[in-house]
Amino acid sequence: MAEPLPRAFYARHAVEVAPELLGQILVRTWKGQCLAGRIVEVEAYSGGDDAASHAFRGPTPRNRSMFGPAGHAYVYLIYGVHHCLNIVTGREGDGQAVLIRALEPLEGIEMMQALRGKRDLHQLTNGPGKLCQALAIDRKLDGHDLCLGQILWVEPGPSPQEPIATSPRVGVRGDSLALQRAWRFFLDGNPFVSRTPLNNRATRWP
DNA sequence: GTCAAGATTAGT
DNA sequence: CTAATCTTGACG
């Protein structure tokens with residue numbers, strides 16, 4: 001088994017970490033099985049200077065993981081229905097994180113299909129709520145340390161062949177700066193990127 | 001205590 | 001377009 005990405009990888013600004021997570025492998029062990037997918041879409045959220053971030057108004061019981069050390073999970077429930085997985089970045093106290101928005105399924109696909117109640121590979125993990133359901137991720141994993149290489153972690157994957165593209169973040173509220181920031185990163189043309197209200201056309205990155 | 005809104009998804 | 005579904009955070 002490969003080594004998990006080290007804490008130093010995550011201990012940088014979210015906007016620096018986010019695009020580098022593309023192509024890496026998210027691994028989850030569950031019921032003795034290995035569920036894994038290639039990260040194909042992410043979004044960066046920073047702290048007090050980002051009106052779209054849960055950390056914008058400072059620490060609360062819900063978002064306290066965001067203010068902890070880098071490399072830990074921040075998992076929250078949205079709309080009372082879906083969970084979303086973030087990985088904390090930056091320095092402790094910053095309140096930065098990267099939201100994992102879509103995966104390309106690699107391993108444990110049958111289990112993911114069972115967990116989702118859907119067969120279609122392209123609908124399995126192409127959204128933040130969907131991927132959490134497929135990997136059995138919920139608030140019990142909030143605060144989990146991804147650098148341990150147990151239960152949930154990220155390991156290095158081959159450099160993506162696809163070009164990296166950016167766009168504004170999906171579904172966010174906030175001030176005009178928050179709406180304008182192109183902090184969504186995805187592998188251009190990859191069929192496992194989430195379908196969104198936004199136009200998937202976007203500028204190339206860098 | 002009350003209440004509106006939400007980094008979404010599936011179905012009409 | 002809208003319902004689902006429930007926790008959080010703001011306010012008093």
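In the text below, chain A, chain B and the rest are named by the order of the sequence lines, each starting its count at 1. Quick caveat, the model's predicted, so the values are computed rather than measured.
- One distance of note links CD1 of A/I100 with CG of A/L131; it measures 7.5 Å at 0.5 Å rounding.
- Counting heavy-atom neighbours within 6.0 Å of A/R91 CZ, excluding the residue itself, gives a total of 12 or less.
- A salt bridge does not link A/K118 to A/D120: none of the charged side-chain nitrogens sits closer than 4.0 Å to a carboxylate oxygen.
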**Prompt:** Given the rule that a pair is Watson-Crick or G-U wobble with both distances under 3.5 Å, how would you write DNA chain C in dot-bracket, using | for pairs to a different strand?
**Reply:** ||||.||||||.
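- A salt bridge does not link A/D175 with A/R181: every distance from a Lys NZ or Arg NE/NH1/NH2 to an Asp or Glu carboxylate oxygen is 4.0 Å or more.
- For the segment residues 84-112 of chain A, residues with any heavy atom less than 4.0 angstrom from an atom of DNA chain B are, sorted by number, A/N86, A/L99, A/R101.
- Identified under the salt bridge (Lys or Arg N to Asp or Glu O under 4.0 Å) test for residues 102-117 of chain A, with sequence neighbours left out: A/R38-A/E104.
- Remark: A/G127, A/P128, A/G129, A/K130 in residues 127-134 of chain A come within less than 4.0 Å of DNA chain B through at least one heavy atom.
- Of the charged side-chain nitrogens involved, at least one lies within less than 4.0 Å of a carboxylate oxygen, so that A/E43 and A/R101 count as a salt-bridged pair.
- The only member of A/L85, A/N86, A/V42 that meets side-chain contact (heavy atoms from CB on, under 4.5 Å) when paired with A/V98 is A/V42.
- Stacking of A/R12 on the aromatic ring of A/Y10 is not recorded, the 6.0 Å distance cut-off and the 45° axial limit not both being met.
- A/H122 has its ring centre less than 6.0 Å from the ring centre of A/F192.
- Taking all atoms of both residues into account, the shortest heavy-atom contact from A/R139 to A/V75 is NE-O, 3.2 Å.
- For A/S65 and A/D142, the side-chain atoms include at least one donor-acceptor pair closer than 3.5 Å.
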**Fill in**
Heavy-atom contacts, protein to nucleotides 2-12 of chain C, under 4.0 Å, summarised as B (base), S (sugar-phosphate only) or - (none) per nt, yield ---BBSSSS--
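- Scanning DNA chain B 5' to 3' for nucleotides with an atom closer than 4.0 angstrom to a non-hydrogen atom of chain A gives a first and last hit of B/dG6 to B/dG11.
- In this structure, A/Y76 has its ring center under 6.0 Å from that of A/H54.
- No more than 12 heavy atoms of other residues, nucleotides or ligands lie within 6.0 Å of CZ in A/R119, so this atom counts as exposed by the packing criterion.
- Environment of CD in A/Q180: sparse, with no more than 12 heavy atoms of neighbouring residues, nucleotides or ligands closer than 6.0 Å.
- Taking atom P on both nucleotides, C/dT5 is separated from B/dT2 by 23 Å, rounded to a whole Å.
- In this structure, A/L146 and A/W153 approach most closely via the heavy-atom pair O-CB, 3.2 Å.
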